[in-house]
Amino acid sequence: MTGARRTAAPRRVAERPARRRLTAGLLASGLSAAALTGCAVPDRTPAPTSFAVVAAYADAGSDSSLPSLIAAAKAGAINEVSPVMYRLRADAGVDRIDPAEDLVAEAHGRGARVVATTRNLVGETWDGALVHTVISDPRLRSRHVTALVDEAKADEVDGIDLDYENLLAGDRAAMTAFVTELATALHGSGKVLTIAVPAMTAASVRDDPALAAFDITALGKVVDEIRVMAYDHAWAGSPAGAVAPLPWVREVVGYVTGQVPREKVVLGLAAYGYDWSDGRGEALPTDELRALVGQTRATVTRDGPSASPWFRYTKDGREHTVWYEDAASAQDKIRLAAQARLAGVFVWRLGGEDPALWPMLTAPAH
């Protein structure tokens, strides 16, 4: 999204029932990623870019996340995984969404760091008021810090990733205080803290009060990674368009690196898109949208300015317009992240991506 997260759609992609082909075995057998996806990888693919961090979010409840993790690990493309494991409670405790034992064990077994995600998604609503209740009360804030550290220790993960969204503009100081306290506690336990923040530009920070709660300059001083959600430029409630147009992502990177040390900035890559019809978009992972191309016999066009693919099709008399992100559009953003000397990139999310993405990335072990 531009600025605040206006809809839960991208994060809900992870919670859809899994309907995806398992590609890890095919990749291991030697079939190319292009053959698996039917996607033409750019003719002049550069040598894989090595980042300090190549991370991916994972829906622990999806049966596509684990094989995708294995495929990425075999390609040497990933060294950090964030399974969505926890949810904030009103009493400042933590609900365990999924213990993710298989994902945690697989990631650790392959030398990847596990940074478990906690979020404030209640049903289909990112509950900023819930976060306000906890972080604005010093006692509740301290209780929540303790709960997260205790969970990280109990589940033997390497750290916590904060994905608290749709926050109240007046919570800027409280959010910074909470993140600072949590960073101190986690670091004291030998663990890391990362935080997902909305995409920001100079214009959006000036005009969008929903961004006010994130003082990224202050946050960048205490966390280990600032994960920039550089997607949802077009979203479910907007007109059809590119999810992560390259010029806008470039503007986001320019703004954020002016506020945060670039060695802490991790750029988000979308592995999804939207199918718009009757003025509303449905978020779907890239693999499903690529399959839809074949099912509808649509013609995919690569938009020049945004570098993103799109197509149209008609079903039941209704015209659909689809924009999405694939390996080719991700390649431009990977190159941008490398040129900007960022710490790395992350993918939302494992199990929905174009498998041709992984050969473009290499990641040294932590």
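Between Pro99 and Val104, the shortest heavy-atom distance links the atoms O-CG2, 4.3 Å. Shown here for Ala169 and Pro209, the closest heavy-atom pair between the two residues is CB-O, 3.3 Å. Of all heavy-atom pairs spanning Glu325 and Ala270, the tightest one is CB-O, 3.3 Å. Across all their heavy atoms, Ser306 and Pro247 have their closest contact at CA-CD, 4.3 Å. Residues Val253 and Ala340 share a closest heavy-atom pair of CG1-CB, 3.8 Å. Scanning both residues, Ala230 and Leu267, for their nearest heavy atoms gives CB-CD1, 3.6 Å.
A salt bridge links Arg89 with Asp91: the distance from a Lys NZ or Arg NE/NH1/NH2 to an Asp or Glu carboxylate oxygen falls below 4.0 Å.
For Trp276 (side chain) and Trp235 (main-chain N/O), a donor-acceptor pair under 3.5 Å exists by modelled atom type. A side-chain donor-acceptor contact under 3.5 Å links Thr286 to the backbone of Ala271. Counting only distance, with no hydrogens or angles, the side chain of Glu319 and the backbone of Gly317 share no donor-acceptor pair below 3.5 Å. Of the possible donor and acceptor atoms, none in the side chain of Asp158 sits under 3.5 Å from a partner among the backbone N and O of Val115. In this structure a side-chain-to-backbone donor-acceptor pair under 3.5 Å is present from Lys264 to Val223.
The cluster map of Ile, Leu, Val, Met, Phe, Trp and Tyr, joined by side-chain heavy atoms under 4.5 Å apart, puts Val122 and Met85 in the same cluster. Linking ILVMFWY residues whenever their side-chain heavy atoms come closer than 4.5 Å, directly or via other members, leaves Ile216 and Leu168 in distinct clusters.
Residues Leu357 and Ile334 are in side-chain contact: their nearest non-hydrogen atoms beyond the backbone lie under 4.5 Å apart. No side-chain heavy atom of Lys221 sits less than 4.5 Å from a side-chain heavy atom of Thr180. Residues Phe214 and Ile226 fail the side-chain proximity criterion, which asks for heavy atoms closer than 4.5 Å. Put simply, the side chain of Val179 does not reach to within 4.5 Å of the side chain of Tyr164, judged on heavy atoms. Using a 4.5 Å cut-off on side-chain heavy atoms (C-beta onward), Thr118 and Ile97 make no contact. Counting only heavy atoms from C-beta outward, the side chains of Val345 and Lys333 never approach each other to under 4.5 Å. Considering only heavy atoms from C-beta on, Arg113 comes within 4.5 Å of Val192 through its side chain. Residues Arg302 and Asp326 are in side-chain contact: their nearest non-hydrogen atoms beyond the backbone lie under 4.5 Å apart.
A donor atom on one side chain and an acceptor atom on the other are not found under 3.5 Å apart for Ser142 and Glu181. Side chains of Asp275 and Tyr313: a donor-acceptor N/O pair is present below 3.5 angstrom, by distance only. The closest side-chain donor-acceptor pair between Thr321 and Tyr274, if any, does not fall under 3.5 angstrom. Under the 3.5 Å distance criterion, with hydrogens and angles disregarded, no donor-acceptor pair is assigned to the side chains of Tyr57 and Asp163. Checked by atom type, the side-chain pair Asp232/Tyr272 shows a donor-acceptor distance below 3.5 Å.
For CD of Glu156, the number of neighbouring non-hydrogen atoms (other residues, nucleotides, ligands) closer than 6.0 Å is 12 at most.
Scored by the side chain to side chain donor-acceptor pair (under 3.5 Å) test, Thr217 finds Gln259 as partners (sequence neighbours excluded). Residues satisfying the side chain to side chain donor-acceptor pair (under 3.5 Å) criterion with Arg96, sequence neighbours excluded, are Glu151, Asp155.
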Report the C-alpha distance between Val300 and Arg290 in whole Å, list the side-chain angles of each, state the deciding distance to 0.1 Å, and finish with yes or no for side chain to side chain contact (heavy atoms under 4.5 Å, CB included). CA-CA 9 Å; Val300 177; Arg290 292 200 57 78; 5.7 Å; no

Could you please spell out the steps behind the side chain to side chain contact (heavy atoms under 4.5 Å, CB included) verdict for Asn166 and Asp127? CA-CA 7 Å; Asn166 197 30; Asp127 195 341; over 6 Å; no

Evaluate the side chain to side chain contact (heavy atoms under 4.5 Å, CB included) criterion for residues His233 and Val252: first the C-alpha distance (whole Å), next the side-chain angles of each, then the deciding distance (0.1 Å), finally the verdict. CA-CA 11 Å; His233 184 268; Val252 169; over 6 Å; no

Applying side chain to side chain contact (heavy atoms under 4.5 Å, CB included) to Leu193 and Leu162, what does each step give before you reach the verdict? CA-CA 8 Å; Leu193 175 61; Leu162 287 176; 4.1 Å; yes

For salt bridge (Lys or Arg N to Asp or Glu O under 4.0 Å), just list the numbers for Lys153 and Asp150, CA-CA rounded to whole Å, side-chain angles, deciding distance to a tenth of an Å, and then say yes or no. CA-CA 5 Å; Lys153 291 177 179 178; Asp150 287 349; 5.0 Å; no

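Rounding to the nearest 0.5 angstrom, the gap separating the CD atom in Gln295 from the CG atom in Leu289 is 10.0 Å. To the nearest 0.5 Å, the span separating CD1 on Ile78 from CG on Leu350 amounts to 5.0 Å. Here Trp358 contributes atom CH2 and Ser68 contributes atom OG; the two are 5.5 Å apart, rounded to the nearest 0.5 Å. To the nearest 0.5 Å, atom CG of residue Leu130 and atom CG of residue Leu88 are 4.0 Å apart. To the nearest 0.5 Å, the span separating CZ on Arg349 from OG on Ser64 amounts to 4.5 Å. Ser136 contributes atom OG, which lies 12.5 Å from atom CE of Met175 (distance to the nearest 0.5 angstrom).
Under the side chain to side chain contact (heavy atoms under 4.5 Å, CB included) test applied with Leu186, the options Val145, Leu148, Val149 reduce to a single match, Val149. Of the residues listed (Val256, Val265, Val53, Val260), the one engaging Leu342 in a side chain to side chain contact (heavy atoms under 4.5 Å, CB included) is Val265, and it is the only one.
Between His144 and Phe178, the two ring planes are parallel [angle under 30°; tilted spans 30° to 60°].
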